[in-house]
Amino acid sequence: MNRRWVRYSFLGILIVFAGMQTVRPERSNPPVNPELTLAAQYEVPDDVQRVLERACADCHSHRTRWPWYSQVAPASWLLADHVKDGRRHFNIDDFNEEMSLKDVCQEIRTGSMPIKGYLLLHPDAKLTGAEIQTVCAWTQGARAK
Ligand code: HEC
């Protein structure tokens with residue numbers, strides 16, 4: 001491989017990367033309406049709320065902590081998508097009838113949530129067995145207010 005080839009490919013990659021940065025997904029944190037939160041509709045014990053805030057809120061609330069790499073494509077695209085999808089499926093700041101607390105227990109019990117890639121970057125979001133028990137015990141007994 002000659003040097004010129006290496007230089008041109010490097011330049012090419014750089015140009016593509018720069019071009020990707022012009023496609024900027026929306027990273028919004030919509031305002032929280034206190035009447036629509038999960039806690040406004042269900043009795044949520046503090047220990048359950050703490051788990052949801054620590055391990056789920058970045059994708060399932062309107063209070064996403066957007067990290068610096070969420071500004072950099074292609075990570076920005078992936079993260080914005082996760083948050084958009086996550087909020088649609090389960091949202092502790094905008095909870096509705098179509099969202100299911102039973103699924104919450106199932107997702108954490110099977111280890112599907114939090115998403116694996118998220119856990120790599122946020123190891124503190126890993127749930128202990130006891131936390132899974134606590135959340136599942138709550139979802140099984142939870143009654144709408
Ligand atoms: C990194 C973002 C992220 C985190 C953190 C995260 N989720 Fe999710 N969650 C998603 C996305 C994206 C979806 C929708 C796609 C899917 O089902 O994989 C989803 C879907 C769900 C669903 C709906 C599943 C279904 O079948 O409809 C539930 C319930 C859920 N998550 C619960 C949780 C709980 C509870 C936590 C915290 C313990 C959590 N998630 C943490 C991104 C996340």
Side-chain angles (χ1 to χ4, degrees), residues 6-145:
V6 171
R7 214 179 305 139
Y8 282 144
S9 0
F10 183 71
L11 200 66
I13 290 168
L14 211 66
I15 290 169
V16 169
F17 187 75
M20 281 160 59
Q21 306 313 314
T22 63
V23 182
R24 303 182 64 77
E26 200 189 345
R27 282 162 299 240
S28 65
N29 278 359
V32 178
N33 178 342
E35 286 168 22
L36 301 180
T37 63
L38 178 62
Q41 303 173 56
Y42 288 83
E43 233 31 276
V44 186
D46 284 348
D47 49 359
V48 171
Q49 188 74 32
R50 271 199 300 274
V51 171
L52 299 177
E53 295 290 342
R54 184 185 96 232
C56 323
D58 274 340
C59 302
H60 294 291
S61 82
H62 288 176
R63 291 163 291 119
T64 304
R65 296 167 300 169
W66 294 99
W68 66 265
Y69 48 84
S70 75
Q71 306 286 337
V72 185
S76 55
W77 304 339
L78 186 79
L79 266 65
D81 240 41
H82 276 166
V83 172
K84 197 167 113 215
D85 253 20
R87 284 175 180 165
R88 201 171 50 222
H89 282 83
F90 171 56
N91 192 334
I92 58 177
D93 287 336
D94 189 4
F95 191 78
N96 69 50
E97 298 299 300
E98 275 143 53
M99 300 174 182
S100 146
L101 293 181
K102 214 169 97 201
D103 286 352
V104 168
C105 170
Q106 183 172 333
E107 294 292 316
I108 59 176
R109 191 164 263 167
T110 57
S112 310
M113 290 287 151
I115 287 179
K116 299 263 174 337
Y118 181 81
L119 286 178
L120 278 178
L121 294 163
H122 303 87
D124 58 309
K126 191 164 167 38
L127 304 190
T128 64
E131 286 173 330
I132 295 171
Q133 288 298 325
T134 302
V135 173
C136 283
W138 170 70
T139 60
Q140 279 149 18
R143 300 256 179 291
K145 277 184 185 170

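Both counts, for ligands and for their atoms, begin at 1 and track the order of listing. Remember, it's a predicted structure, so these values are computed and weren't measured experimentally.
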Heavy atoms only: which of His82, His89, Arg87 lies closest to atom 27 (O) of ligand 1? His89
For atom 8 (Fe) of ligand 1, the protein heavy atom that lies nearest, with its residue and separation: His60 NE2, 2.0 Å
Which of the numbered atoms in ligand 1 are under 4.0 angstrom from any heavy atom belonging to Asp85? 12 (C)
May I ask you to check if any N/O/S atom from Met113 comes under 2.8 Å of atom 8 (Fe) of ligand 1? yes
For ligand 1, note which part of Ile108 has a heavy atom under 4.0 Å away: side chain, backbone, both or neither. side chain
Is there a donor in the side chain of Trp66 and an acceptor in the side chain of Asp58, or the other way round, less than 3.5 Å apart? no
Atoms in ligand 1 flagged as close to Ala55, the criterion being non-hydrogen separation under 4.0 Å: 5 (C), 37 (C), 38 (C), 41 (C)
Which residue supplies the protein heavy atom nearest to atom 4 (C) of ligand 1, what is that atom called, and how far is it? Cys59 SG, 3.4 Å
As an exercise, identify every atom of ligand 1 less than 4.0 angstrom from a heavy atom of Asp103. 29 (C)
Minimum distance, heavy atoms only, to atom 26 (O) of ligand 1: which one of Gln106, Lys116, Arg54, Glu107 is it? Glu107
Hey, could you give me the CD/CZ distance between Gln71 and Arg27, rounded to the nearest 0.5 Å? 4.0 Å
Considering only the protein, which heavy-atom contact is closest to atom 36 (C) of ligand 1, and what is its distance? Cys56 SG, 2.7 Å
Which atoms of ligand 1 have any heavy atom of Val104 under 4.0 Å away? 29 (C), 35 (C)
Which residue and atom name correspond to the protein heavy atom nearest atom 42 (C) of ligand 1, and how close is it? Ile115 CD1, 3.4 Å
